[in-house]
Number of protein chains: 2
Amino acid sequence: MDQKSLAMFVHLSQTLHFGKTALAFHMSPSTLSRAIQRIEDEVNSELLLRDNRTVMLTEAGRKFQHYAQQQAEQWQIFKQSLDETQQALTGKLSIYCSVTAAYSHLPPLLERFRQQHPLVEIMLTTGDASDALEQVQNKSVDFAIAANPENLPRSVYFQYLATIPLAVIAPTMNCIVQQQLSEKILPWAEIPIILPEHGPARKRFDLWYRKKQQGKPNIYATVSGHEALVSMVALGCGVGIVPQVVVENSPVKDRVQYLADVGEITPFDLGICCLNQSKSQPLIKAFFNAIA
Amino acid sequence: MDQKSLAMFVHLSQTLHFGKTALAFHMSPSTLSRAIQRIEDEVNSELLLRDNRTVMLTEAGRKFQHYAQQQAEQWQIFKQSLDETQQALTGKLSIYCSVTAAYSHLPPLLERFRQQHPLVEIMLTTGDASDALEQVQNKSVDFAIAANPENLPRSVYFQYLATIPLAVIAPTMNCIVQQQLSEKILPWAEIPIILPEHGPARKRFDLWYRKKQQGKPNIYATVSGHEALVSMVALGCGVGIVPQVVVENSPVKDRVQYLADVGEITPFDLGICCLNQSKSQPLIKAFFNAIA
DNA sequence: TCTGAGTGTTGCAAAAAACGCAACGTGTCG
DNA sequence: CGACACGTTGCGTTTTTTGCAACACTCAGA
């Protein structure tokens, strides 16, 4: 019964829903189910009553919930007390990510790390998110914030950060694209489209467009870097597919609009990556430890 | 990082000796070593400094020790609070053990269990400890207190209770045996010997006697049940080999003496046994839970 | 009554973790 | 220097955990 199991139980005792909690912890419901069974077996009491439709805490469950929360709290206190003791690490840590990630997801991570290890020099490089994994594999950087590709190379470790929904965006200004979009049945084969050169967003597009069965897309341009893509859309060059978060952090945000009713585009998982082989290095370990 | 690992660390932080702690937890030093490494990895700090000769706590180690002890305490409190909630179990639980075990090792186990489940009827059968495992496999009883044979059947579960040292005993009264024992070089081939019919003590004797290379032993009698063996020795029939604890609980204790300098006899492990398949039964689980 | 969506659980095979043994490196003491 | 004591590491084996797919069950709406 480790920290993680306890956290899972606490979460579950609040949602009272195996599916949701399993999702929150990025595991299958069966795994969660078994983990709870293990706990119940260990304390030799039923903690949750499940009747195929609802889940509810038993009396013992409430007590365990209290115990688990208390546990987690003390664990936090202990870790914090360690931070005080821990002699400061020094050195350089290089990180690669997109401009957007540097705005949206990196700051909270770095903040906690720098608080614990103020002497470590952070070297941040920004660029096309699609190149992130390559940068890690090259050993050009220690870490990268990257999307999880379907086939993650064996050599890299991936720790989930967030789920990134994609969106189809169009210019708000009056232009040819605008007119095409105002038609009843969208002429997908004609609308100029701007795409990422490669990377998960590109793959998502290919999949999504094929579903429409509209023949070949009219690809106006491919660009490297989602941020540039938003600019091009804003300029009226065409419609594009990008992560929502990129749009929201874009200075031209109000010159593009989301296209609704374009069908589901499966979001991708954003995470922090490093080489498996370097996971044992002190700075790397300290970083993961700080963001955990 | 489970309860057991924490307990191991606490023990180790007191002994400061991997070998001893490993022994105390019935595992190999390597397992303990790795468990500690896992913990250190998880907290990302060295907790113990080992320099091939000595082990000492670091500052972080002291903090973790405090945390671990606190953890264990809260776990106890939680379990106890559960006991209050737990609706009383009822039924029968049958246990088999030797008369000596019923005196020496059973009472503390039963006490805790009966406190939690006063409605469960305990059915205790005493007999030769060597038959204990058989009784369990027969399903004649739910539990038995038994010695761990070298080749424990797959079907039975064994939980360690104590290490039982064996001793060679002789009568204190004046008799032939006395005279033989007073000789300078003990005439082992002539001294009458009383032995358990079978079981671990018998095996230990065979091994021990063979080491002496004195030819065939003069076996005066074989008896079933260690308690009876002590009686026969007390009566002056010969010397015998039995668990020390049997002697100490014997009413004829002062009519026998331990023979010193007879060489090492490897002690055996005493434990509580049940069928693996019955470990999931509520009463059985409750019992193990109570004695854990 | 039937169907379909939404739940949690279980059989199974694959993957991961833990274990013990044996060998090793490194100190200490006679 | 040689024997010993102690913790660690390489390696093959065993145990545990995992996710997928199939299942069992309930409820809502046709």
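Convention: sequence-line order gives letters A, B, ...; per-chain numbering from 1.
If you take CZ of A:Arg50 and C1' of C:dT10, they are 13 Å apart, rounded to a whole angstrom. Put simply, CG on A:Asn276 is 11 Å from P on C:dA16, counting in whole angstrom units. As rounded to whole Å, 17 Å separates atom P of D:dT15 from atom CZ of A:Arg38. The CE atom of B:Met27 sits 15 Å away from the C1' atom of C:dC21 (whole-angstrom rounding). Atom CD1 in A:Ile36 sits roughly 15 Å away from atom C1' in D:dT18 (whole-Å rounding). Summarising the geometry, the separation between NE2 on A:His17 and C1' on D:dT26 is reported as 13 Å, rounded to the nearest angstrom. Taking atom CG of residue A:Leu23 and atom P of nucleotide D:dG19, one finds them 12 Å apart after rounding to whole Å. If you take CG of B:Leu16 and P of D:dG7, they are 10 Å apart, rounded to a whole angstrom.
No hydrogens or angles considered: a donor-acceptor pair under 3.5 Å links the side chains of B:His198 and B:Asp131.
Each end of the helix from C:dT1-D:dA30 to C:dG30-D:dC1 gets its own rotation axis from five pairs of C1' atoms, and the angle between them is 10° to the nearest 10 degrees.
In this model, the phosphate group of C:dC19 is not approached by any side-chain N or O of B:Ser28 to a distance below 4.0 Å at OP1 or OP2. Between D:dT18 and A:Thr31, no contact under 4.0 Å exists linking OP1 or OP2 to a side-chain N or O. At least one side-chain nitrogen or oxygen of A:Gln37 sits closer than 4.0 Å to the OP1 or OP2 atom of C:dT10.
The shortest side-chain heavy-atom distance between A:Met1 and A:Arg38 does not fall under the 4.5 Å cut-off. In this structure, B:Cys274 and B:Ile284 have side chains that are in contact, with non-hydrogen atoms separated by less than 4.5 Å.
Side-chain proximity of A:Ser30 to the nucleotides D:dT9, D:dA21, C:dC19 is greatest for D:dA21. Looking at the side chain of A:Val55, the nearest of the listed nucleotides C:dG8, D:dT8, C:dT9 is C:dG8.
Within the 3.5 Å criterion, the main-chain N or O of B:Leu48 finds a donor-acceptor partner in the side chain of B:Glu40.
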Show, in sequence, the C-alpha distance, side-chain angles and deciding distance for B:Lys79 and A:Val43, and conclude whether the side chain to side chain contact (heavy atoms under 4.5 Å, CB included) test is met. CA-CA 7 Å; B:Lys79 277 215 305 186; A:Val43 303; over 6 Å; no
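Pairs engaging residues 279-292 of chain A under the salt bridge (charged side-chain N to carboxylate O under 4.0 Å, His left out) rule: A:Lys285-B:Asp41 [sequence neighbours left out].
Ring centroid separation for the pair A:Tyr96 and A:Phe143 does not come in under the 6.0 Å cut-off.
Between the side chain of A:Arg34 and the base of C:dG11, a donor-acceptor pair under 3.5 Å is found.
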